[in-house]
Every structure is written in C-alpha cells, then in structure tokens.
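Order of the sequence lines fixes the chain letters, A, B, ..., with proteins taken first and strands second; residue numbering starts at 1 for each chain. Given the structure is predicted, the values throughout are model-derived calculations rather than measurements.
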There are 2 protein chains.
Amino acid sequence: MSKYYPNEDRQLLAVDCVIFGFDDHELKLLLIKRNMEPGKGLWSLMGGFPKRCEGLDQAAERVLKQLTGLENVYMEQLYAYGEVDRDPGERVVSIAYYSLIKIGDYDKELVRGFDAHWVPVSEIPELVFDHSVMVDKALRRLRRRARIQPIGFELLPEKFSMPELQSLYEGIFQKELDKRNFRKKILSMGFLDKLVEKDKSSSKKGAFLYKFNPEKYQELLSKGFYFSLDV
Amino acid sequence: MSKYYPNEDRQLLAVDCVIFGFDDHELKLLLIKRNMEPGKGLWSLMGGFPKRCEGLDQAAERVLKQLTGLENVYMEQLYAYGEVDRDPGERVVSIAYYSLIKIGDYDKELVRGFDAHWVPVSEIPELVFDHSVMVDKALRRLRRRARIQPIGFELLPEKFSMPELQSLYEGIFQKELDKRNFRKKILSMGFLDKLVEKDKSSSKKGAFLYKFNPEKYQELLSKGFYFSLDV
DNA sequence: AATAATAGTGTATTTTTAACACTTAAATCT
DNA sequence: AGATTTAAGTGTTAAAAATACACTATTATT
C-alpha cells in the first residue's frame, strides 16, 4: 500500500460506454448481452475495468475498441455513478462515457462475438444495473450538445445529403423540422462544403452531397462564432 | 475479495469540492491550505475519500459539511478525473463536485480550522494537482447552467434586490448587463415574488426585495416553460 | 409522354433581442 | 428648509432572428 493515504478504502472502478449510431432515419444504441455474473444474459452497455496504470479516458477507449474496433471517434465522459448498491456483485463506481460512431464503420465480427445489437433508442429494453439511467442521461446530453456543437457529423458518413442531415437532427431531437429553415440555418453557418456528387439512393432526382469542413469551423470559432440550432 | 470480478484492480477514490459563494459583487471560491502530503501547504480544493459503504454524492456532501457545516445546498457532480499521474502520491480517481452556497451561512469556526479562505474567481492562485482544471470546468459549467436554470438564487440570501441579482449575474457571466432589459426579462418569467420591504444598505432610496418562488417555478416548468438568460 | 417521388427554393409575419436617457425617492449636507 | 447626492426604477424604438408556409425542378419508371 502507498506511503500516503494508508488508511483509505480501495474500490473497484468500471467504465461503461453508451454507443450511438444513426441508421435508417433512427438514432440507435449498441447493446450487448452481458456475459458474466451478476446479471449474465441481461441487456447491458459494454463496459470494462480500468487498470491501475490506465487513465479513465484510455480505459473507455479500450472498451469501445474492444467492441467496435474503432479508435479516434467522438467520445465524452458522461457521469460517474457511485451508489453503493448499483452493482449487486460488489461496490463498483462506474464512470460512464458516450460515443458517436459512423454506423457501418464498426467491426461486424467483433460485434457478433459480443452478441451485441443495434437498438433504436425508442425501443430500448430493460438494462442491467443502472444502465438505463446512464442511457437516459446520455440521450439528454447528446440532445443538449447537438444544439450547441456540430457533433451530428460524427454520426454520418463523411459525405451526406441535406435530407440525411435533417433526418439525423430530427432523430436526435425527436421533432420534425422545416426543411427550408433547416437548410437556411445550417448552410448560413458556412462550414459545409457542397460537392458536385449526388446521392441517388433515396430519390430519382438525387440530393447533393456535403462535407463538414473542420478547418472552416475552427476558423469561425476563432472569430467568435457559436454553433446553435434551435429546435 | 469478492466472488465476482476477482481479478480486477481496486483503486483509491476521492471527491473534491469546488465551493462557490457570492459577496461584494464578486463570485468567490472557498479554498484550503492542504494539510497533508503530498502537496502539504499548497492551495487546494476541499476533498475527502469515499468509504466503501458510502455513495459518491454522500461523500461529497460529507466533505462539504466538514468544511462549511452546511447541508442541503445546491451540489452537482462535475467530472471524474482519472489521469494516472494526477496525484503524485498514488493513482487516485477523483470525482469533482461543485456547490453553490449562500455566503454568510457557512460555519466560520470550521472554515478557520481548515485554514480556508474565500478567493475571488479572478484571483485564484495556483492549486495542487489538477485542481485548477477542476475549477476551470466548474466555472464554465456554472456559466452554462446559470443561463438555463434559475440557480443564481442559490448564491443569494433568501431576500435580494434586483440590483443584487443583476450584479450576481454580471459576476457569473463576467459581463455588464442592461438593467432595464435584465429586469424586464427576469420579472417577465414570473417566479419572483416582490416584497414590500426594501434593502437600504446600498442606496438612500432603497431597493425592493424579491424572493424566488420555487412553487411558481415548478408550475411554469410543468407548463413547458424554459428558463433562459441570454448574455 | 405521363406519372411518381423526393430535392430544392423565397417571402412575409411574428417574436425576440438590443440599444438607449430621464425621473423618482430618500438620506445627507449646508 | 432647501439643495445635493446616490442609486433605483421605468418604456419605446429599431434591428435581428425565428417561424410559417407552397410551389417548381429533376429524373427514374411506367
């Protein structure tokens, strides 16, 4: 034991990941069937235990990579859950993270191995421990963030059409938006590059594709610009 | 050790409290001189170690009470800090909280005992470990929260005048506000009760006192009202 | 050539925000 | 008693932002 703090309790830590994706006009969550006791077989968030020599963020990234194969994706710490009895197995303090991934990028093999499934946020089953509370908080955080930061693009392919983008925000905010006002607002911000290509997968006419331009966004930020979508 | 999770590291947990007060037209922070190694004698947030049988919120409340004697005050979890080397004594994951107290309510004896001092946020000294990072995050969180929730009242006495309230928000947002627009906005929300008493401490004319009415606020919330101050 | 399906566009109205200066009340001073 | 000082209190106007709303354009399919 350490020469400082010799008399304090050492406790078990966990990280749990709320993983969001967007597909088929719906916001979805990647859930697994828990493969250990307590709670074996129940729906659960993907989680893990930070090592003594591992930062929390690092642990969360490791856990995300374990399930999806992905690195360097949007990830934010959500909240630390520390009720004494939240895990019936032992007192475990869990630090929850949420991440936004481009659905389609993840490693299908890995996901199958963990018996994981994409579930629309409108149909989330009962989850083990306090994971439902985490999901609820993650959803509310995502909605708040999406109003003030351009994080929607983390959930879309690099190239996306205006109708796709609008549909994403409608999924996040659970609200229909006016397409003229939406286009006007988002394009007036000036960080989207319009491409010459069209996406013809969902209409005969085809919709022009756009790309988020991070340099332009940074440039705007440095000039005092604030992203804001009012829904 | 437990029958579940037998092979995982148990680690040291801490809670640290960013304690805000408002006085003399300034937002202030209650800081202590750390009384143990490592970092003995340095400026620090008040902290403590959650027991195995104690929830995180509970631990934070205990720590706050230890220093201020106060209970049932506004307190919110801020963030979990988990860099491996953040505390040179040992790997410690610290969950930071921030609280808003009515300055003047705290227990002067206790505070003297801990060698604690109220420091204006504009003059915060260098702090031990990553406590400056915590303070910075707390300030930004407070500013964000104060725009969308009526938490300013937690920092004022029960009865306060309009100029006091405005001065508080100016202190939080670090920005001068127009008094006519401020009054109009805040009074139009409809959750303040105007009293017949006046506060004559800062002018000959005296300023009418107001009280925050939580019932009216709840009533408004249930009708779909959203608090919002644009600064 | 007609049809069907989604993409794309502009304007008028309402609401919200921002800017701005004088009057009022009461204690203090002469 | 009257003048002075100090902060409290009050409304209006102009600008900007948000909202509501309906038709045309493109192209694959029949």
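- Looking at B:Q166, its side chain does come within 3.5 Å of a backbone N or O of B:L177 through a donor-acceptor pair.
- Contacts of A:H25 classified as ring-ring contact (aromatic ring centres under 6.0 Å, His included), with partners at least two apart in sequence or in another chain: none.
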Scan the side chains in residues 202-211 of chain B for donor-acceptor partners under 3.5 Å anywhere in the protein, sequence neighbours excluded, and list what turns up.
{"from": "B:S203", "atom 1": "OG", "to": "B:K205", "atom 2": "N", "distance (Å)": "3.4"}
{"from": "B:S203", "atom 1": "OG", "to": "B:G206", "atom 2": "N", "distance (Å)": "2.8"}

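- A:K179 has no side-chain polar atom (N or O) that falls below the 4.0 Å cut-off from OP1 or OP2 of C:dG8.
- Remark: aromatic rings of B:Y106 and B:W118 are close, center separation under 6.0 Å.
- Annotation: A:F227 is not in aromatic contact with A:F225 [ring centroid separation under 6.0 Å not met].
- Ring planes of A:F153 and A:F212: parallel class, angle under 30° (limits at 30 and 60°).
- Between A:Q166 atom CD and C:dT6 atom C1' there is a gap of 12 Å when expressed in whole angstrom units.
- The closest side-chain heavy-atom distance from A:S94 to A:V15 is not below 4.5 Å.
- When heavy atoms are screened at a 4.0 angstrom cut-off, B:D178 is found touching base atoms of the nucleic acid.
- The distance from atom CZ of A:R183 to atom P of C:dT6 is 15 Å, rounded to the nearest whole Å.
- Rounded to an integer number of Å, the gap from B:F182 CZ to C:dT17 P is 14 Å.
- Ring geometry, B:F173 versus B:Y169: the interplanar angle falls under 30°, so the pair is classed parallel (tilted spans 30 to 60°).
- Residues satisfying the side chain to side chain contact (heavy atoms under 4.5 Å, CB included) criterion with A:E109, sequence neighbours excluded, are A:D107, A:R112.
- If you measure from atom CZ of A:F160 to atom C1' of C:dA7, you get 16 Å, rounded to the nearest angstrom.
- Where DNA chain D meets chain A (any atom under 4.0 Å from a heavy atom), the bounding nucleotides read 5' to 3' are D:dA18 to D:dA28.
- Taking the centre of each ring, B:W43 and B:H117 come in below the 6.0 Å mark.
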Anything under 3.5 Å between a protein N or O and an N or O of nucleotides 11-13 of chain C, put it in a table, one pair a line.
{"from": "C:dT11", "atom 1": "O4", "to": "A:K184", "atom 2": "NZ", "distance (Å)": "3.0"}

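- Atom CD of B:E176 is separated from atom P of C:dA19 by 13 Å (rounded to the nearest Å).
- Interface remark: the B:R180 side chain does form a donor-acceptor pair with the C:dA21 base, using a distance-only criterion of under 3.5 Å.
- Contact check of residues 198-209 of chain B against DNA chain C (heavy atom, cut-off under 4.0 Å) returns B:K200, B:K204, B:K205.
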Query raised in the report: Does the side-chain contact (heavy atoms from CB on, under 4.5 Å) test come out yes or no for A:I124 and A:V135, once each step is laid out?
Result: CA-CA 9 Å; A:I124 295 170; A:V135 167; 3.7 Å; yes
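- The separation between A:E164 atom CD and C:dG8 atom C1' is 16 Å, rounded to whole Å.
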